[in-house]
Amino acid sequence: LKKLDLSGRDTIAIYGQGPVGLSATLLGKAMGARIIAVDLSPERLALAQGLGADVVLQADAGDPVTAIRALTGGEGADATLDCTGNATARAQTIRSARVFGRACFVGEGGTVTLEPSPDIIHRHLTLYGSWTFPSVGLDECARWIVDRRVPLERLITHRFHLDEAPDAFSTFEGGATGKCVFVMEE
């Protein structure tokens, strides 16, 4: 979100509402942005709405690019973020950004097929990749979250003990959760 220079003047479309996308939804809202959350899972879209998404779009219920353009007066989102690694979502991330927009890929794996001229060059699109934080960035992010009292605990939807690991992995693989964590006994 920092690479995207996100602020209260922006509308951001966040593709994928797993733990990373839900974090982006929560933090993007705390930064003042208008959030459009896109996912296949109705459960994850409900979580996104509870974390502040202004609009939720079920990706398989219609073309998200068309819907995002309709929601932004035909322009497209100021910023877009792919948290999926899915080829279709990645292409939609690029195509739903406005002219002079900003897009970022954080979802791991997968591929994407784009047409450089219409998708990037003629639209003056800035494309970022982001994978991990340096320790200084983590410190800055943690301090920002504490100072603004961002309720990160709301991202955690399931807690498990280590002896429940098979259930934990099965639950998370179902694609309907927020962050699943293991709770260690002291």
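Side chains are part of it too, since the values below use all heavy atoms of this structure and drop only hydrogens, waters and symmetry mates. Numbers here are sequence positions counted from 1.
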If you take all heavy atoms of [X] and [Y], which pair is closest and at what distance?
X: Leu114; Y: Ala91; result: CD2-CA, 4.0 Å
X: Arg44; Y: Pro19; result: NH2-CD, 4.1 Å
X: Gly178; Y: Leu22; result: CA-CD1, 3.6 Å
X: Arg102; Y: Leu4; result: NE-O, 2.5 Å
X: Thr84; Y: Gly16; result: CG2-CA, 3.5 Å
X: Pro42; Y: Leu40; result: CD-O, 3.4 Å

ILVMFWY cluster, [X] and [Y] together (side-chain gap under 4.5 Å):
X: Val20; Y: Leu152; result: yes
X: Ile145; Y: Leu1; result: yes
X: Val150; Y: Leu47; result: yes
X: Leu162; Y: Phe169; result: yes
X: Leu155; Y: Val181; result: no

Would you say the side chain of [Y] lies within less than 4.5 Å of the side chain of [X], judging by non-hydrogen atoms?
X: Gln92; Y: Val38; value: no
X: Tyr15; Y: Ile68; value: yes
X: Thr157; Y: Phe172; value: no

Problem - Under-4.0 Å salt bridge between Arg34 and Asp54 - result: no
Practice task
Identify whether the distance between the nearest side-chain nitrogen and carboxylate oxygen of Arg95 and Asp119 falls below 4.0 Å.
Solution key: yes
Would you compute the distance between atom [atom1] of [X] and atom [atom2] of [Y] and round it to the nearest 0.5 angstrom?
X: Leu81; Y: Ile14; atom1: CG; atom2: CD1; result: 6.0 Å
X: Arg98; Y: Thr11; atom1: CZ; atom2: OG1; result: 9.5 Å
X: Leu27; Y: Lys2; atom1: CG; atom2: NZ; result: 13.0 Å
X: Ile36; Y: Leu71; atom1: CD1; atom2: CG; result: 5.0 Å
X: Met31; Y: Leu26; atom1: CE; atom2: CG; result: 11.5 Å
X: Leu51; Y: Ser23; atom1: CG; atom2: OG; result: 8.5 Å

Practice task
Begin with the C-alpha distance, continue with both residues' side-chain angles, and end with the deciding distance and a verdict on side chain to side chain contact (heavy atoms under 4.5 Å, CB included) for Glu108 and Trp131.
Solution key: CA-CA 8 Å; Glu108 282 285 343; Trp131 184 55; 2.5 Å; yes
N/O donor-acceptor pair under 3.5 Å between [X] side chain and [Y] backbone:
X: Asp10; Y: Ser7; value: yes
X: Arg90; Y: Gly107; value: yes
X: Arg69; Y: Glu75; value: yes
X: Arg123; Y: Ile94; value: yes
X: Asp139; Y: Ala142; value: no
X: Arg159; Y: Phe182; value: no

Practice task
Go through the steps to decide whether Ile35 and Ile12 satisfy the test side chain to side chain contact (heavy atoms under 4.5 Å, CB included), and finish with yes or no.
Solution key: CA-CA 5 Å; Ile35 309 294; Ile12 183 170; 3.5 Å; yes
Exercise for the section: Taking atom CZ of Arg9 as the centre, report whether more than 12 heavy atoms of other residues, nucleotides or ligands fall under 6.0 Å from it. Expected result: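 Buried by this count: over 12 neighbours within 6.0 Å.
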Problem - Pair Gln17, Thr25: side-chain N/O donor-acceptor within cut-off below 3.5 Å - result: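 There is such a pair between these side chains.
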Practice task
Name all residues meeting the side-chain hydrogen bond (donor to acceptor under 3.5 Å, both in side chains) criterion together with Glu153; count only those two or more places apart in sequence or in a different chain, and write none if there are none.
Solution key: none
